[in-house]
Amino acid sequence: ISFPGKGLGLSHVDAEKERSLKSEFSAKKYEVAGQVAQAYLDCATAKANVDQQATTASDLETLTRTIKARYEAGSGTQSENIGAELQLRQARTDLEAAKDRQASVCKALFNLLSLSPRAANSVELTDDLDDAVALELGENTADEERSQAAIRLSEAISSTAWWSQMPDFT
């Protein structure tokens with residue numbers, strides 16, 4: 001048998017612990033949304049990088065052909081020709097590396113969204129969140145949710161600390 005009212009007094013702490021756990025759920029929503037957005041940005045950046053590297057390689061192929069034609073005509077030097085070929089080789093290597101990175105980061109996005117690569121090509125993030133989604137996420141960030149929950153729990157423990165000193169009759 002515990003001291004009369006002790007369980008009732010400490011129920012306030014239990015209620016705050018429950019609210020804290022609910023706040024953690026809201027905080028996790030923010031973290032998941034952030035992970036999805038970051039994965040999307042990584043994939044979009046990788047795709048843009050592949051496009052840029054492809055353009056660079058194409059430009060260097062044209063330049064290399066021009067330098068080679070000048071060299072064969074006798075108006076260019078062998079060092080210019082070799083330099084252009086080395087730049088082209090490096091651009092092609094960079095393009096392959098960019099394609100590998102794109103495949104890797106986009107696969108992570110597809111896995112996160114449980115999409116097949118074919119279906120994922122049509123995925124686009126809008127500029128703004130739908131109002132219903134924004135309301136579901138709440139008004140605070142994940143860290144704010146956790147901080148407020150910790151403060152409420154600390155206040156509840158502080159306000160009921162004297163109940164914990166009451167003896168339990170067993």
Side-chain angles (χ1 to χ4, degrees), residues 1-59 90-170:
I1 299 175
S2 64
F3 189 78
K6 184 175 181 180
L8 184 61
L10 293 178
S11 68
H12 182 58
V13 174
D14 292 336
E16 285 304 325
K17 285 181 182 179
E18 179 184 358
R19 283 182 64 191
S20 176
L21 292 174
K22 288 179 181 176
S23 295
E24 183 62 27
F25 178 73
S26 296
K28 288 294 181 186
K29 283 184 181 180
Y30 284 112
E31 289 177 358
V32 168
Q35 289 172 354
V36 171
Q38 187 61 49
Y40 176 83
L41 291 174
D42 290 346
C43 183
T45 301
K47 284 182 178 184
N49 191 25
V50 166
D51 293 342
Q52 181 182 16
Q53 291 294 337
T55 302
T56 300
S58 175
D59 291 347
Q90 184 62 47
R92 287 178 179 158
T93 303
D94 291 345
L95 177 58
E96 291 306 312
K99 286 179 180 178
D100 281 347
R101 172 151 169 69
Q102 177 190 357
S104 171
V105 296
C106 290
K107 182 179 179 184
L109 173 65
F110 304 155
N111 289 340
L112 191 59
L113 296 177
S114 299
L115 295 174
S116 68
R118 179 174 290 169
N121 287 334
S122 63
V123 172
E124 289 186 29
L125 287 182
T126 58
D127 290 340
D128 248 343
L129 285 177
D130 184 59
D131 289 339
V133 174
L135 288 174
E136 187 177 326
L137 286 174
E139 297 178 5
N140 299 329
T141 66
D143 289 336
E144 288 173 334
E145 286 285 334
R146 289 184 178 117
S147 297
Q148 289 175 356
I151 289 169
R152 286 191 306 266
L153 182 58
S154 297
E155 288 172 349
I157 290 171
S158 174
S159 69
T160 58
W162 62 278
W163 282 106
S164 64
Q165 296 176 10
M166 291 295 183
D168 284 331
F169 299 113
T170 54

On a heavy-atom basis, the closest approach of Lys47 and Cys106 is CE-SG, 4.0 Å
Closest approach of Leu109 and Ala39, non-hydrogen atoms and distance?
CD1-CB, 3.8 Å
Taken in chain and number order and not counting sequence neighbours, the residues that satisfy salt bridge (charged side-chain N to carboxylate O under 4.0 Å, His left out) with Glu155 are none
Quick check: does any side chain N or O of Ser58 sit under 3.5 Å from a backbone N or O of Ala54, one acting as donor and the other as acceptor?
no
Once side-chain hydrogen bond (donor to acceptor under 3.5 Å, both in side chains) is applied, do any residues pair with Asp42, and if so which ones, sequence neighbours excluded?
Gln38
Name all residues meeting the side-chain contact (heavy atoms from CB on, under 4.5 Å) criterion together with Asp94; count only those two or more places apart in sequence or in a different chain, and write none if there are none.
Gln53, Gln90
Taking salt bridge (Lys or Arg N to Asp or Glu O under 4.0 Å) as the cut-off, I'd like each qualifying pair that reaches into residues 98-113, sequence neighbours left out, listed once.
Glu96-Lys99
Can you name the nearest heavy-atom pair linking Ala91 to Thr56, along with the distance?
CB-CG2, 4.5 Å
According to side-chain contact (heavy atoms from CB on, under 4.5 Å), who are the partners of Arg19, at least two apart in sequence or on a separate chain?
Glu16, Arg152
Non-hydrogen atoms of Val50 and Leu95 that approach each other most closely
O-CD1, 3.6 Å
Please name all residues satisfying side-chain hydrogen bond (donor to acceptor under 3.5 Å, both in side chains) with Glu24, sequence neighbours left out, ordered by chain then number.
Arg146
Please enumerate all residues that pass side-chain contact (heavy atoms from CB on, under 4.5 Å) together with Arg92, with sequence neighbours excluded.
Glu61, Leu88
